[in-house]
Amino acid sequence: MCRSNLRPDKMTLVVILLACSRLGDLSLGTRIHENICDIHDIYSDVFVGNALVDMYMKCGDADSARKLFDKMPVKNVVSWNSMISGLVQQGQFKEALHLELGKWVHAYIDKNQIKADGFVGNALVDMYAKCGSAEQAFGVFQGMECKDVFSYTAMIMGFAMNGEAERALDIFAEMPMVGSKPDEVTFVDVLSACSHAGMVEEGWRHFEDMSKVYNLEPQTEHYGCMVDLLGRAGLISEAEVFIANMPIEPDAFVWGALLGACSIHGKVELGEAIMKKLVAVEPVRDGAYILMSNIYSSAKSLK
DNA sequence: CTAGGGTTAG
């Protein structure tokens, strides 16, 4: 690829690097990186740089992404967003480390007076929310001039995950006032806020509003949230009726939510029946067995 | 060249 008269053009490189990102092929991505290091006009191109950052992030190598990011002579808003949303994705596995990196990114943005709006602002809110700091997410959120459905959804999730359902619902209620329409993903977080706070009535109302007020067809994820909401609150037979009346096929999350409720409330026999349905829908994952072992052990301790 | 989601281990 790197022979003097056979140089790759920029867009070819970008496309190949994005393929590496999607496949998670770090070794191929790294090899391409090494091969273009000494081709300066290509290596310093912001599109190629962004694709390299994205590739390292998606392949789970945040350190290399950051080293490269530091060396990029020109950065644009896409570079920042790849960096931040990459950190968020990594956060699932190495939360502490990347919260630190995330703070570094935030400090850099402040110092260089980059506007934390749009993609960058949303990515920051999302990052803080996922790293468990709803307050820092809220700080960025409040400072944003243009909030869209992504900003609101990320903030609602931040409060919901932090056990602050009231604040999540307050933020949600603000959306129409700024002309922002909630979508299916927003409702997943709204319903999940209600379910973790035991707000059954509130959850029902939002679930019904989805189709009545917002013209959104509830998906299996929303049914799963409702089963979780009812089940956690101990309304197990209501949850069973709810599943029986679903207009679409329940998936593993729906059965998993009901099985989770059996585990919380010590329902052994029902749990065994649900377990069969869950394994039928999703035989490969181990979640069902974990929940079932919880049911047996909690039933033992109830005796 | 870029975005967000539901169950889950004594």
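Since the structure is predicted, the reported quantities are computational estimates derived from the model, not experimental observations.
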So if I take every side-chain heavy atom of [X] and compare against [options], which nucleotide ends up nearest?
X	options	answer
A/V254	B/dC1, B/dG6, B/dG4	B/dG6
A/F253	B/dT7, B/dC1, B/dG4	B/dT7
A/V78	B/dG6, B/dG4, B/dC1	B/dC1
A/R232	B/dC1, B/dT7, B/dA3	B/dT7
A/V188	B/dG6, B/dC1, B/dG4	B/dG6
A/N50	B/dC1, B/dG4, B/dG5	B/dC1

Check the distance between [N]'s [atom2] and [X]'s [atom1] and give it to me in whole angstrom.
X	N	atom1	atom2	answer
A/E221	B/dG5	CD	P	12 Å
A/I290	B/dT8	CD1	P	11 Å
A/H222	B/dG4	NE2	C1'	12 Å
A/Y43	B/dC1	OH	P	21 Å

Task: Validation row: A/I295, A/M275 side chains within 4.5 angstrom (heavy atoms) - done: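 A/I295 does not reach A/M275 side chain to side chain.
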
Indicate, yes or no, whether a donor-acceptor pair under 3.5 Å links the base of [N] to the side chain of [X].
X	N	value
A/N81	B/dA3	no
A/D189	B/dG6	no
A/D251	B/dG6	yes

Open item on the list: Checking A/S79 against A/N76: is there a side-chain donor and acceptor pair closer than 3.5 Å?
Closed with: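 Yes, because at least one side-chain N or O of A/N76 sits under 3.5 Å from a partner of the opposite role on A/S79.
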
Open item on the list: Over 60° means perpendicular and under 30° means parallel, so tell me whether A/Y43 and A/H33 are parallel, tilted or perpendicular.
Closed with: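 Parallel.
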
Open item on the list: Can you classify the ring geometry of A/W204 versus A/F207 as parallel (below 30°), tilted (30 to 60°) or perpendicular (above 60°)?
Closed with: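 Ring orientation, 0 to 90° scale: perpendicular.
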
- [ ] With heavy atoms under 4.0 Å as the rule, sort A/S263 into base, sugar-phosphate or nothing.
- [x]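 No contact at all - A/S263 keeps every heavy atom at 4.0 Å or more from the nucleic acid.
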
Open item on the list: What's A/V15 touching, base or sugar-phosphate or nothing? Going by heavy atoms closer than 4.0 Å.
Closed with: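 Nothing, no heavy atom under 4.0 Å.
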
TODO: Step through it carefully: locate the ring centre of A/Y223, locate the ring centre of A/F253, and say whether they are under 6.0 Å apart.
DONE: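 Ring centres of A/F253 and A/Y223 not closer than 6.0 Å.
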
